[in-house]
Every structure is written in structure tokens, then in C-alpha cells.
Amino acid sequence: MEYSISLFLSLLLASSFIYFLLRSRRRLRLPPGNLGLPFVGETLQLISAYKTENPEPFIDERVARFGTLFTTHIFGEPTVFSADPDTNRFILQNEGKLFESSYPGSISNLLGRHSLLLMRGNLHKRMHSLTMSFANSSIIRDHFLVDIDRLVRLNLESWTGMVFLMEEAKKITFELSVKQLMSFDPCEWTESLRKEYVLVIEGFFTIPFAIFSTTYRRAIQARTKVAEALSLVVRQRRTESEKGERKNDMLGALLEGDGGGGGFSDEEIVDFLLALLVAGYETTSTIMTLAVKFLTETPLALAQLKEEHDAIRARKGESEPLEWNDYKSMPFTQCVVNETLRIANIISGVFRRAMTDVNIKGYTIPKGWKVFASLRAVHLDHEHFKDARTFSPWRWQEQNNSGAAGSGNFFTPFGGGPRRCPGYELARVELSVFLHHLITRFSWVPAGEDKLVFFPTTRTQKRYPINVERRHVCKPCKQ
Ligand code: HEM
């Protein structure tokens, strides 16, 4: 009896909800689309597509039926999905005016309210520009490059036999982030911090209720441990900074209250660091792994890249560190980096919420609705990139390729507007240095089949195991 009443009430609620949507659609002229089943909408179709190597049909079918701006219902809410570069640009540029960022509850709880990803308004502006100034080209050139080179080499030195590339890349990018943010070299403390981080990140895509999800419960506990560990460091560094000792890292800038507007509390600094570590660690290690995967599957590109890096190494001693000029003389590497970012789409798109009714392309996005600006859909659209679904780094050498030259609108792996990724240059440098040392030191073959999947995050199912072998590069004899 109780069951029938609740079923009846659910159906009543669902049909009123759909009736309301259809009415408002007539009034507001929503983009065309399909809201799917009550409550779940089209979420299950989206998840099952993104759990395969080829999630494209989910978007392709809807674009073919409704156009590049369509309505769907995913993750519990009606959502306007954009596969259109102009609309994406409009959404990203109007951050804080017409749209605001909107993350699922699980991510917001785990990151903490003072993380850059969740900040809004003037504080966001100030902290975004502080982060940009911390990760700009001259800081990377003058301070970070030497550590990036050293830590990548140090990690590769221990590689023999079979390695899980995704695991190794994660270790490298975590060590780099901790160094850049807090000046710590790898040690037991950094490794135990990383293990807690892994648990925090696992909680990102779960139901944000501790009673329902063990993963989420574990993630919350790990978050507390990470925050405690970071608080200790912040307290210690604050004491040192009061004595006039300042380190040239992100924590130093935060303790000084750089960027104007006064200092920050310990809690604010901890949330901020915690989120920066997440943002830089997971993304860059995935792009490292996928670059190697795509190169392995495209031997011509790998051979051309090898030539470029062997030539750089031949000019230098075997263990001489890379310098900025070396980084700047890797044109084909930059094509590989672009192409990996384009085709892998680690961040497949960004969620926003409309702050008011927004009119675009003859439709209305109602106030409070979610929008998803799909970067992936544009990157993989044959209209914008010839043979868009093939890994072809050479496209970036062709000036006339509509995706390469003047690619601002079409190529946006780092987002755009006021929330554009502040780590875009750092990620490129880290990937380039990693590829240099990997390619000049090792040859490798995949140690078994592995599959790329895109849900809950972009990754390979088996952490991409490879068998590595040291290369003995013959240096040309000096005359
Ligand atoms: C391949 C590597 C990376 C990719 C593909 C990537 C991608 C992105 C994208 C698409 C956004 C925009 C999110 C939005 O608009 O809601 C973003 C934001 C962000 N990224 Fe990255 N990122 C990468 C590496 C890094 C690194 C190394 C850092 C470290 C400094 C970093 C720090 C951030 C931060 C703090 C934000 C939030 C910015 C804000 O909300 O104002 N990212 N990233």
C-alpha cells in the first residue's frame, strides 16, 4: 500500500515536472531536445556512452536531430547542451555576468569553499590573477623549469621492465605540484599525502552522502587528513614568514597576501592549495599518459618526435638539464601537445548555471538552468577539424588548417574567459619535458590491451602498462 502511494506520488511529481517544462518551453522557446525519463533523464545513456572508447554517438545523434544547441536532462537537472563554438565562447566569456560555474555537490564539498574553482566575484578575479602570475612563462622559465627537469629525470631513473604509466605520471605531477606550491622535494611525507589525495579524488564522482557511499565517506576522511597536513605546513611557514623568511612559491605569495586586498586566513590558504593540487595533478598526468598512448599507436609521429628530441640531446651532454631555449626549439612536440589536448579532451566540457534568462541563437536558456559547454564536441567536429577523430599532429603544422591557425574559437582545451585554466603553460612545459626524457632514454611497447574511457574521468582502464627498455643513443663524434 505504502509502495503504491509513493509510486503514485512520484509519477504525479514527474508528470507535473514535465508538464511545467513543456509549458515553459512553449513560453520561452527552449532549444529542441529530449528530456528522457522522469528523474534520470538521459543520464544513463550519457554514462554508458562515456564508459566506452567511443562516446561520440551520444552527441552526434542529438546534434543530427536537434542541432548544435539542444536540451537534455542529465545528472538530475534539465540542461542545455552546447556543441557550438560561438555559444561555448559566449558562455565562457559571460562568467559572472550571465552564467556562473556550477560543480556537483560531491566536488564542492571535497574541494572546500575557498578553492579557486568555487570562488565568485571580485575574490575570484583577484585569486585567478594571483594564480596566473604564479604560473606564467617567466616564472616557469626562471624558477620551475629546473625542478621540472630534475624531478622528471629522477623518476625515470628508477624505471625498469613493466611500468604502469598512469601511476608513474601521477607520481611525477604530484611531486611537481608540491614543489611548485610549497617547495617540498619528494619524501615520505609527500608520498603519504599523495595516497590521501587519491582517495579524495575518488570521491568526486560519487553521491555526496556519507550514509550511501563508502567511497564518499573515505574521501571526506582523507580530505580531513590532507587539510590537517597542509594546515601544519601553513602554520610553520607563517611563523617563518613573520621572521622575514620568504620562499619563492605559491604558499609564499599567499602568506604575503600578494595580488592586493590583504592577507588570507590559514583555512583559506589550505582550501586554495588543496584545490590547486587537484587541478594540476590529475589533468597533467592523464595528458602525459595519453600522449604516449597516441604516439605508440602512430609510429610515424613517434619517429618524428624522436628525431626532434635526439637532436636536442645531441647538442647537450647526456645529463645536462633542459633549458628554456631547448623547450622553445621543440616545434613538433608542440604539435603533439596540441593534438593530444584536442583529441583526449581531459576536461570534456564545463558546467555553468544561467543567472538570468539568456537569449542565444533564437532560443532562451531559462534562469537557473544548467548549461554544458562541450569542448569535446567542438574539438571532434569534422566541420572545424579535418578528419577530426584521428590523431594527426601534423595538422598543427598546416597554417590553413581551420583548427590550427586562428584556432581560438575552436581549440579550447583549457576553457576560456575569466575561468581560463591558469595552469595552461605549466601543463604544456611539463608534458614537453616529460616526453623529452622518456623518448631520449627509453623505447617501449604496450604490455597488453588497454582501453580509453571517459567516465567518471578520462583515463585508460588498466593504467596503461608498458614494457620499457633503455635506449643507447649514439652521439655523433665531435670533429
Ligand atoms: C592538461 C592539463 C590541464 C587541462 C586540460 C586543464 C583544463 C582546465 C579547464 C578546461 C579549466 C576551466 C574550468 C572551468 O571553466 O570551469 C581549468 C581550470 C583550472 N585549472 Fe586547469 N587544466 C590543466 C592543468 C592545470 C594545471 C597544471 C594547473 C595548476 C596550476 C591547473 C589549475 C587550474 C585551476 C586552479 C582552474 C580553476 C580556474 C578558475 O576557476 O578560475 N590546471 N583547467
Side-chain angles (χ1 to χ4, degrees), residues 88-89 91-96 99-104 107-108 111-112 114-137 139-140 144 148 169-170 172-182 249-250 253-254 259 271-291 336-353 370-376 378-379 411-435 457-459:
N88 285 357
R89 195 175 135 79
I91 294 167
L92 293 169
Q93 294 295 341
N94 280 293
E95 170 72 24
F99 298 96
E100 57 190 13
S101 72
S102 173
Y103 286 92
I107 296 189
S108 319
L111 284 182
H114 303 296
S115 77
L116 187 60
L117 290 95
L118 304 178
M119 278 177 195
R120 302 226 166 109
N122 278 341
L123 183 60
H124 172 259
K125 228 186 240 170
R126 176 182 164 209
M127 297 308 282
H128 188 270
S129 80
L130 176 65
T131 317
M132 290 287 275
S133 64
F134 147 84
N136 67 26
S137 304
I139 300 275
I140 301 174
F144 293 165
I148 297 174
K170 279 188 171 180
I172 293 174
T173 53
F174 193 77
E175 288 176 4
L176 292 176
S177 301
V178 175
K179 182 76 188 170
Q180 289 149 6
L181 295 175
M182 299 176 271
D249 53 20
M250 186 69 191
L254 289 165
D271 279 6
F272 193 80
L273 289 177
L274 197 147
L276 261 185
L277 263 167
V278 173
Y281 157 63
E282 190 75 11
T283 47
T284 316
S285 52
T286 308
I287 207 78
M288 284 173 172
T289 310
L290 297 188
V336 169
V337 171
N338 279 347
E339 189 63 353
T340 307
L341 288 165
R342 185 187 73 82
I343 208 139
N345 292 299
I346 314 230
I347 310 282
S348 82
V350 298
F351 276 108
R352 296 288 188 264
R353 194 176 289 286
K370 275 229 164 147
V371 292
F372 184 71
S374 172
L375 313 174
R376 172 180 197 94
V378 177
H379 291 163
F411 183 57
T412 52
F414 295 104
R419 285 196 184 270
R420 183 177 186 212
C421 174
Y424 68 94
E425 182 76 44
L426 195 55
R428 298 186 75 96
V429 175
E430 290 181 0
L431 174 56
S432 306
V433 172
F434 170 73
L435 286 174
T457 52
T458 304
R459 62 201 152 106

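Just so you know, ligand 1 is whichever comes first in the structure, and atom 1 is the first atom listed for that ligand.
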| note | Closest heavy-atom approach to atom 1 (C) of ligand 1 among Leu341, Ile346, Leu92 is made by Leu341
| Which residue and heavy atom of the protein sit nearest atom 6 (C) of ligand 1, plus the separation | Phe414 CD2, 3.6 Å
| Does ligand 1 have a heavy atom under 4.0 Å from the side chain of Tyr103, from its backbone, from both, or from neither? | side chain
| Nearest non-hydrogen protein atom, atom 41 (O) of ligand 1 | His124 NE2, 2.6 Å
| message | I need the nearest protein heavy-atom contact for atom 20 (N) of ligand 1: residue, atom name and distance, please. | response | Cys421 SG, 3.2 Å
| note | Note: Arg419, heavy atoms under 4.0 Å from ligand 1, region reported as both
| said: Taking only non-hydrogen atoms of Thr131, do any sit less than 4.0 angstrom from ligand 1? | reply: no
| query | With a 4.0 Å heavy-atom cut-off (strictly under), which part of Val350 contacts ligand 1: side chain, backbone, both or neither? | reply | side chain
| said: At less than 4.0 angstrom from any non-hydrogen atom of Ala427, what atoms of ligand 1 do you find? | reply: 1 (C), 2 (C)
| Closest non-hydrogen protein atom to atom 37 (C) of ligand 1, residue and atom name please, with distance? | Leu117 CG, 3.8 Å
| message | Starting from atom 34 (C) of ligand 1, what is the nearest protein heavy atom, named by residue and atom, and what distance separates them? | response | Pro422 CD, 3.5 Å
| task | For residues Leu92 and Arg352, determine if any side-chain heavy atom of one lies less than 4.5 Å from a side-chain heavy atom of the other. | result | yes
| Counting N and O atoms only, with roles assigned by atom type, does the side chain of Arg419 sit under 3.5 Å from a partner on the main chain of His128, one being a donor and the other an acceptor? | no
| query | Would you call Arg342 and Glu339 a salt bridge, using N to O less than 4.0 angstrom? | reply | yes
| field | Sub-4.0 Å atoms of ligand 1 with respect to non-hydrogen atoms of Leu116 | value | 35 (C), 38 (C), 39 (C), 40 (O), 41 (O)
| task | Measure the acute angle between the ring planes of Phe411 and His379, then classify it against the limits of 30° and 60° as parallel, tilted or perpendicular. | result | tilted
| remark: Closest to atom 5 (C) of ligand 1 (heavy atoms only, candidates Pro413, Gly349, Gly417, Ser129) is Pro413
| message | Between Val337 and Leu341, is the side chain to side chain contact (heavy atoms under 4.5 Å, CB included) condition met? List the steps. | response | CA-CA 6 Å; Val337 171; Leu341 288 165; 3.9 Å; yes
| query | Any side-chain heavy atom of Arg126 within less than 4.5 Å of one from Asn122? | reply | no
| said: Taking 4.0 Å as the limit for heavy-atom contacts, which would you say applies to Ser101 with ligand 1: side chain only, backbone only, both, or neither? | reply: neither
| Please state which protein non-hydrogen atom is closest to atom 15 (O) of ligand 1 and give its distance, to 0.1 Å? | Arg352 NH2, 2.7 Å
| remark: If you scan protein heavy atoms around atom 24 (C) of ligand 1, the nearest is Thr283 OG1, 3.3 Å
| request: Apply side chain to side chain contact (heavy atoms under 4.5 Å, CB included) to Leu273 and Leu254, showing your working. | output: CA-CA 10 Å; Leu273 289 177; Leu254 289 165; 4.0 Å; yes
| Which class fits the ring pair Phe134 and Phe144: parallel under 30°, tilted 30 to 60°, perpendicular over 60°? | perpendicular
| task | Could you check if a side-chain atom of Lys170 sits within less than 4.5 angstrom of a side-chain atom of Thr289, using non-hydrogen atoms only? | result | no
| request: If you have a sec, work out which protein heavy atom is nearest atom 26 (C) of ligand 1 and how many Å separate them, to one decimal? | output: Gly280 CA, 3.4 Å
| field | Donor-acceptor contact present, side-chain Arg420 to main-chain Thr412, <3.5 Å | value | no
| query | In Å and rounded to the nearest 0.5 Å, what is the OG1 to CD1 distance from Thr457 to Ile347? | reply | 9.5 Å
